[in-house]
Amino acid sequence: MEYNFREIEKKWQKYWEENKTFRTKDDFSNPNKYYVLDMFPYPSGSGLHVGHPEGYTATDIVARYKRMKGFNVLHPMGWDAFGLPAEQYAIQTGTHPSKTTKENCDTFRRQIKELGLSYDWDREINTTDPDYYRWTQWIFIKIYNTWFDEKEGKGRPVSELPVPEDIRKEGKEAVRKYIDSKRLAYYDNAQVWWCPVCRIVCANEEVLTDGSHEKCGNTVEKKNLKQWMLRIPLYAERLLTGIDKLDWPEGIKDMQRNWIGRSTGADVDFRIDNSEEKIRVFTTRPDTLFGATYMVLSPEHPLVEKLTTADRKSEVLAYVKAASLKSDLDRTDLSKEKTGVFTGSFAVNPVNLKKIPVWVADYVLTGYGTGAIMAVPAHDERDFEFAVKFGLPITCIMDPDTDDPGQRQRVLEGRECWTEDGRYINSSDSSTGIDINGLNKEAGIEKMIKWLEERETGKARVNYKLRDWLFSRQRYWGEPFPVIHWEDGEITVLDENDLPLKLPPLEKYQPGETGESPLANATDWLTVTDKNGRKGRRETNTMPQWAGSCWYYLRFIDPQNKKSIFDPEKEKYWMPVDLYIGGAEHAVLHLLYSRFWHKVLYDLGIVSTDEPYTKLFNQGMILAFAYETEKGAKVSSDLVAEKDGKYFHSETGEPLRQIVAKMSKTLKNVINPDDVVNRYGADSLRLYEMFMGPLDVTKPWDEKGVKGVFGFLGRTFRFLSETENITDGEEDQEVLKGLHQAIKKVETDIENLRFNTAISAMMIFINLATRKGKITRSTAESFIKILAPFAPHTAEELWQLTGHGNTLAYEPWPLYNEEILKEDMFEYPVSFNGKLRFRIELPLSMQKEEIISRVLSDERSGKWLSGKKPDNVIVVHGKIVNVVVR
RNA sequence: GCCCGGAUGGUGGAAUGGUAGACACGCAGGACUUAAAAUCCUGUGGGCAGUAAUGCCUGUGCGGGUUCAAGUCCCGCUCCGGGUACCA
């Protein structure tokens with residue numbers, strides 16, 4: 001029978017839809033649940049990219065496999081649909097973003113359904129749906145009403161926050177301020193990145209290291225605006241330690257650890273000479289205090305003005321002003337020479353009471369540590385560079401652990417910087433009583449911190465790179481904050497029963513010139529009056545796109561629930577997510593933010609697990625072949641001609657190089673999944689994306705590869721649909737063994753997400769079966785079942801053709817039998833000194849001595865022994881024989 | 001600079017320290033066809049010898065090492081990809 005994939009795929013997609021084959025029941029009686037989740041897409045206007053089906057097929061294979069293994073499987077899909085493109089389209093055309101969003105979702109849904117993915121469509125969610133964002137707002141209120149109890153290391157309701165007596169005495173206003181200062185969400189002036197082209201505030205994370213906006217590529221500027229911030233650093237330690245027990249790729253775990261950026265050290269206070277002021281610094285090397293020969297404040301440091309002496313004023317002010325105008329790009333460019341100015345003031349080094357100059361320099365960042373440092377040029381590269389440039393003293397305080405006598409000499413003389421370990425020298429002072437001479441780094445740090453703490457001039461401290469999360473955007477198309485700013489300065493959140501706070505309809509979506517959100521134009525919506533006649537104004541900022549995706553996995557558990565975010569019983573059953581697959585671009589931000597929210601919800605008793613995603617896997621990017629000239633100029637794919645495996649420019653005849661690059665419209669090498677489905681079918685697309693290579697590596701799309709798996713599916717279908725090929729009775733031993741090998745390989749490969757080799761195992765079986773010409777019905781049925789997760793339409797059709805009325809989606813997975821897989825004979829490779837020389841077939845039951853004698857008495861051994869006696873013969877049972885002759 | 005990955009035929013890629021190149025693409029030859037497409041069969045890392053069967057040499061980015069045995073483990077590099085960056 002011909003492989004009419006178009007008919008078959010349409011037929012089964014209709015069947016699954018009409019029969020709701022994949023509807024998930026909340027069947028708590030089945031203790032084996034499996035929650036397998038995709039990173040839900042942003043439904044862009046350009047439709048599905050071939051990268052989407054890669055992850056979706058992988059999860060679908062696992063979902064289908066687990067169902068056949070008897071698991072109750074939750075496998076949902078939805079849309080992360082708030083976002084900038086729909087809003088920009090609205091600005092240009094006046095079309096409401098909800099209309100564009102709906103159209104895009106419809107396209108995505110159609111395309112995804114045409115791939116035969118086994119989602120439970122009754123659980124579809126959309127972050128822009130008021131019934132969804134109602135609960136996003138609800139979580140924001142929960143976060144707003146939470147403070148972090150450092151003693152217990154967990155978030156608690158602000159109603160349980162103890163207010164110190166002296167603040168209570170100051171009155172209601174002071175108490176309110178105190179509570180507000182402890183909330184996990186707060187409203188404050190923040191210096192933010194502003195993209196003048198998109199007219200949008202960007203989170204730090206959305207600004208690339210070259211100072212450009214991730215979304216549009218234009219250079220961003222700094223701006224001061226009132227913003228909502230979330231105190232994620234309070235959870236830094238929990239977010240960090242929680243990583244250890246997760247089954248995530250090590251690389252991703254490292255990226256999260258680096259992002260959190262924990263470092264241990266100490267705060268140290270430096271007295272200012274002739275002043276009451278103190279400078280507090282954070283250092284990871286308090287042991288090097290004796291080498292601190294100057295100090296540096298960041299240009300934004302609050303003490304800069306106070307510490308600048310009259311004669312230095314104009315120079316310092318000019319420097320600070322220049323620094324504020326610099327983009328981050330200029331400031332972080334390492335190749336750039338260091339700059340700085342002397343304030344005229346001196347600080348007192350607490351270990352030896354020496355006076356050291358205080359400088360201002362932009363290599364010290366305001367946002368990290370305390371925004372001030374003690375500079376130890378002999379043992380810090382940056383300080384060394386700065387000291388050399390400005391002729392500041394360099395005092396070596398460590399005899400370095402180095403075998404190079406020349407280097408040791410240079411370090412001791414302060415001509416080279418040494419940051420590694422060694423023994424302290426010049427590190428004692430009788431007037432202050434500290435002495436760490438002779439100790440190494442580890443012991444020195446410990447002793448110095450102890451000394452500082454006794455003297456109350458310093459304290460051990462852990463510092464994190466992680467900053468407060470800028471959580472508001474000046475956009476229309478996002479979740480409105482359920483917040484009112486009252487005329488008396490009070491900020492309140494809405495009552496939970498008043499949610500959702502819906503987005504008001506607008507005529508104009510253009511943001512204001514000053515950076516104000518378009519919501520400020522919604523006059524009716526904007527102003528409110530409370531029962532006492534007090535006037536208020538709604539928050540006009542909206543939440544960032546992260547908000548909806550921070551918790552969507554929870555809503556899938558109970559998406560239709562009108563009364564609460566979800567039924568706690570269902571949450572207990574389904575959580576955590578057992579397998580989460582998506583692109584590595586979300587390795588840091590989405591996963592960190594999402595874990596943060598989850599931990600807050602956990603502390604409040606709303607969710608039952610401490611971490612949301614047990615196992616994470618990142619699919620690799622799918623790239624495309626592209627072509628460039630010898631000089632490296634890219635050539636559009638429609639101008640490339642192939643001849644004898646070489647590539648030429650079809651117009652100029654220039655020879656071209658084949659390279660691998662991201663798909664791009666300008667290079668005309670974008671693959672549209674719809675085209676592939678039309679030409680080869682969804683099963684071929686699925687199979688090819690899984691067969692290309694390991695799931696986690698980046699790999700180029702190759703049209704020819706699709707033809708390969710298409711051929712395999714065609715051969716499979718034609719062979720198994722031909723009734724003559726299917727027999728009753730005993731199965732041939734070789735076929736039976738081949739089948740059980742295939743079952744075992746496919747099963748273990750699915751468990752390990754190694755789909756490419758699973759597919760090759762099935763190909764090997766079909767090659768064997770077609771060579772043999774006939775297989776039994778039972779063999780055919782088992783094979784159809786293992787094919788089903790990969791090529792479900794083809795498998796369903798074959799299942800029906802072999803005489804079954806129902807879907808095979810819930811048929812039990814076939815069991816393989818180790819007995820059948822056992823071999824009697826083994827063809828031992830025989831090597832001499834590690835070089836393979838010949839093979840010899842021997843029974844597996846044969847013992848070592850017998851094997852050795854059979855190998856050595858073989859006539860082919862004579863040639864390699866050349867009369868000598870072997871020194872040794874290694875026999876690895878069932879693997880190899882190696883004869884050692886010297 | 002730092003932290004992670006990676007490098008295997010013409011191509012995508014296989015290979016618990018134990019037969020390198022599974023499976024597939026491509027290519028070559030053949031069958032079917034008036035022809036093409038589709039389909040099927042055979043061969044296919046490189047080199048040397050041989051009409052051939054076959055035999056030998058060589059081969060997993062480079063240089064060392066451990067081992068009876070290294071693509072795999074260790075040390076030192078080169079190149080490529082991702083992340084991150086005056087983070088004190």
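Lettering follows sequence order; numbering is per chain, from 1.
Residue A:Asp380 places its side chain closer to B:rA88 than to any other of B:rA88, B:rC86, B:rG12.
In this structure, B:rG9 is classed as syn because its glycosidic torsion stays within 90° of zero.
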* Fill in the dot-bracket string of RNA chain B, one character per base: . for unpaired, | for a pair to another strand, ( ) or [ ] for pairs within the strand, taking Watson-Crick or G-U pairs under 3.5 Å. => (((((((..(((.....[....)))((((((.......))))))(((((....)))))..(((((..]....))))))))))))....

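Of the residues near RNA chain B, A:Pro700 and A:Arg718, the one whose nearest nucleotide (by heavy atom distance) lies more toward the 5' end is A:Pro700. A residue-by-residue look at A:Gly251 and A:Ile874 shows that A:Gly251 has its nearest nucleotide of RNA chain B further toward the 5' end.
For A:Asp702, the salt bridge (charged side-chain N to carboxylate O under 4.0 Å, His left out) criterion is met by no residue, not counting sequence neighbours. Here A:Lys707 pairs with nothing under the salt bridge (charged side-chain N to carboxylate O under 4.0 Å, His left out) rule; sequence neighbours left out. Listed by chain and number, the residues in a ring-ring contact (aromatic ring centres under 6.0 Å, His included) with A:Phe755 amount to none (sequence neighbours excluded).
Here the separation of B:rG59 from B:rG46, taken at their P atoms, is 16 Å to the nearest Å. Comparing B:rG61 with B:rU51, their C1' atoms are spaced 40 Å from each other, to the whole Å.
For the side-chain contact (heavy atoms from CB on, under 4.5 Å) criterion with A:Leu695, the lone passing option out of A:Ile581, A:Asn756, A:Thr57, A:Asn618 is A:Ile581.
Listed by first and then second residue, the side chain to side chain donor-acceptor pair (under 3.5 Å) pairs that reach into residues 691-700 of chain A are A:Glu54-A:Lys699, sequence neighbours excluded.
Geometrically, A:Lys338 does not engage A:Phe386 in a cation-pi contact defined by less than 6.0 Å to the ring centre and at most 45° from the axis.
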Can you pull every protein N or O that's under 3.5 Å from an N or O on nucleotides 22-28 of chain B?
residue, atom, partner, partner atom, Å
B:rA24, OP1, A:Asn767, ND2, 3.0

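A sub-4.0 Å separation between OP1 or OP2 of B:rC3 and a side-chain N or O of A:Lys253 is absent. Phosphate proximity of B:rC87 to A:Arg285: absent, as no side-chain N or O sits under 4.0 Å from OP1 or OP2.
Distance CG (A:Asn833) to C1' (B:rA69): 10 Å, rounded to an integer number of Å.
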